[in-house]
Amino acid sequence: MTGQGHGRDGDPDQQDNDSTERGEVPVARFRASQGGVTARFGAAQARIVRDLVGQVAELLGADPESGEGPGPDGSAGEDLEASFGLTDATEAPRDPVLARLLPDAYRDDPEAAGEFRRYTELSLRDGKVAAARTVLGTLPARGGRIRLSQPDAEAWLRALNDVRLALGVRLGVTDDFEEVGNGINPADPRAAYVWVYHWLAYLQESLVEALS
């Protein structure tokens, strides 16, 4: 899957309609539009994005469908410290996905990393959850054509990146992952997730280009 074939050229609605008339489901990709970006998602594609984004938000300790964010312990709610944006957490999360989403700022200085985390982790979680909610709020479960303003598109970029980071941990992404992933046996239980990982990279790339 490459990033070719998307951008400002051509009529995106006509291109998608041509694919639909041939009985194909176009692979969702973003294109520049007046005042923002646009893309068309099939129902299955929308479901994949919504499910994965929602799972990341839940992992971060928030209900993705509500307005209630994560508390200092990763659960919903507030206390005095949370009201000042503080948390008791001074170590990286034990869950490897959370550790990737919320990494230490100073790998060689645990004390400085812990102090930095105490003052920033809650706001970082809140920002990631807010980006996830933007995706859920702008992508209907049934799919279809969506149009995003630049701020919403930038939130999509952050949310898609978080999903890819989470998937990357689960898949054991390394420097040679693309070569391994392209040759993976379709019977391998990871095959579907590898396809999703690459498609999300394509989707993210098309969004970057549409915004440029």
Side-chain angles (χ1 to χ4, degrees), residues 1-3 6 25-31 37-70 74-76 93-103 121 124-148 151-174 177-178 180-182 184 186 188-211:
M1 184 177 296
T2 69
H6 61 273
V25 178
V27 176
R29 64 187 183 275
F30 285 96
R31 300 181 177 90
V37 300
T38 184
R40 184 187 296 278
F41 287 81
Q45 297 166 356
R47 185 165 58 250
I48 289 170
V49 173
R50 288 179 58 89
D51 284 351
L52 292 174
V53 167
Q55 288 176 34
V56 168
E58 289 178 2
L59 186 62
L60 288 164
D63 179 352
E65 301 292 347
S66 78
E68 197 169 12
S75 61
R94 293 184 179 180
D95 184 290
V97 173
L98 275 179
R100 187 71 179 88
L101 294 172
L102 306 166
E121 182 174 303
L124 184 58
R125 285 178 183 261
D126 285 343
K128 291 178 181 296
V129 170
R133 289 192 180 124
T134 295
V135 173
L136 296 174
T138 53
L139 178 61
R142 66 182 180 282
R145 169 74 60 188
I146 67 169
R147 298 184 187 276
L148 304 175
D152 283 350
E154 290 171 353
W156 265 74
L157 276 178
R158 295 191 295 273
L160 289 175
N161 189 61
D162 285 342
V163 169
R164 291 191 69 234
L165 288 175
L167 273 178
V169 172
R170 298 304 190 206
L171 290 170
V173 171
T174 59
F177 175 76
E178 187 162 349
V180 173
N182 289 336
I184 195 168
D188 191 309
R190 300 173 300 164
Y193 293 98
V194 169
W195 183 91
V196 170
Y197 182 86
H198 286 306
W199 171 57
L200 291 175
Y202 168 73
L203 189 62
Q204 195 173 15
E205 179 189 353
S206 73
L207 182 49
V208 170
E209 291 191 10
L211 285 170

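Just so it is clear, the model here is predicted, and its values are computed rather than measured.
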Worksheet, complete the sentence: Closest non-hydrogen atoms of L59 and L98, given as atom of the first, atom of the second and distance, are O-CD2, 3.6 Å
Discussion item. Given 3.5 Å as the limit, does a donor-acceptor pair link the side chain of Q45 with the main chain of G42, or not?
Written reply: yes
Worksheet, complete the sentence: Rounded to the nearest 0.5 Å, the CG atom of L160 sits from the CG atom of L165 at a distance of 11.0 Å
Item to complete: Measure the spacing between CG of L211 and CZ of F30 and express it to the nearest 0.5 Å.
Response: 9.0 Å
Worksheet item: Tell me, do R31 and V37 make a side-chain contact under 4.5 Å, heavy atoms counted?
Response: no
Discussion item. Quick check for you: to the nearest 0.5 Å, what is the distance between L52 atom CG and R47 atom CZ?
Written reply: 11.5 Å
Item to complete: Compute whether any side-chain donor of one residue and acceptor of the other, for R164 and Y197, lie under 3.5 angstrom apart.
Response: yes
Item to complete: Measure across V129 and A57 and return the closest heavy-atom pair with its distance rounded to 0.1 Å.
Response: CG2-O, 4.3 Å
Discussion item. So I146 and L148, do their side chains get closer than 4.5 Å, heavy atoms only?
Written reply: yes
Practice prompt. Measure from the side-chain N and O atoms of R125 to the backbone N and O of L60, and report whether any donor-acceptor pair falls under 3.5 Å.
Written response: yes
Discussion item. So, taking the atom named CG in D162 and the one named CD in Q55, what distance separates them when rounded to the nearest 0.5 Å?
Written reply: 13.5 Å
Worksheet, complete the sentence: Residues W156 and T134: closest non-hydrogen pair is NE1-O, 4.2 Å
Worksheet, complete the sentence: CZ (R133) and CG (D126) are apart, to the nearest 0.5 Å, by 8.5 Å
Fill in: Cation-aromatic face contact R29/Y202, 6.0 Å, 45 degrees
no
Fill in: Side-chain touch R50/P140, heavy atoms, less than 4.5 angstrom
no
Fill in: Heavy-atom closest contact (V56 atom, A166 atom, distance)
CG2-CB, 4.2 Å
Worksheet item: Which atom pair, heavy atoms only, marks the closest approach of L203 to A28?
Response: CD1-O, 3.5 Å
Practice prompt. For residues A153 and L207, report the shortest heavy-atom separation together with the two atoms involved.
Written response: O-CD2, 3.5 Å
Worksheet item: Atom CD of Q204 and atom CG of N161: how far apart are they, to the nearest 0.5 Å?
Response: 5.0 Å
Practice prompt. Could you label the plane-to-plane angle of the F41 and W199 rings as parallel, tilted or perpendicular, counting under 30° as parallel and over 60° as perpendicular?
Written response: perpendicular
Worksheet item: T38 and R145: side-chain donor and acceptor closer than 3.5 Å?
Response: yes
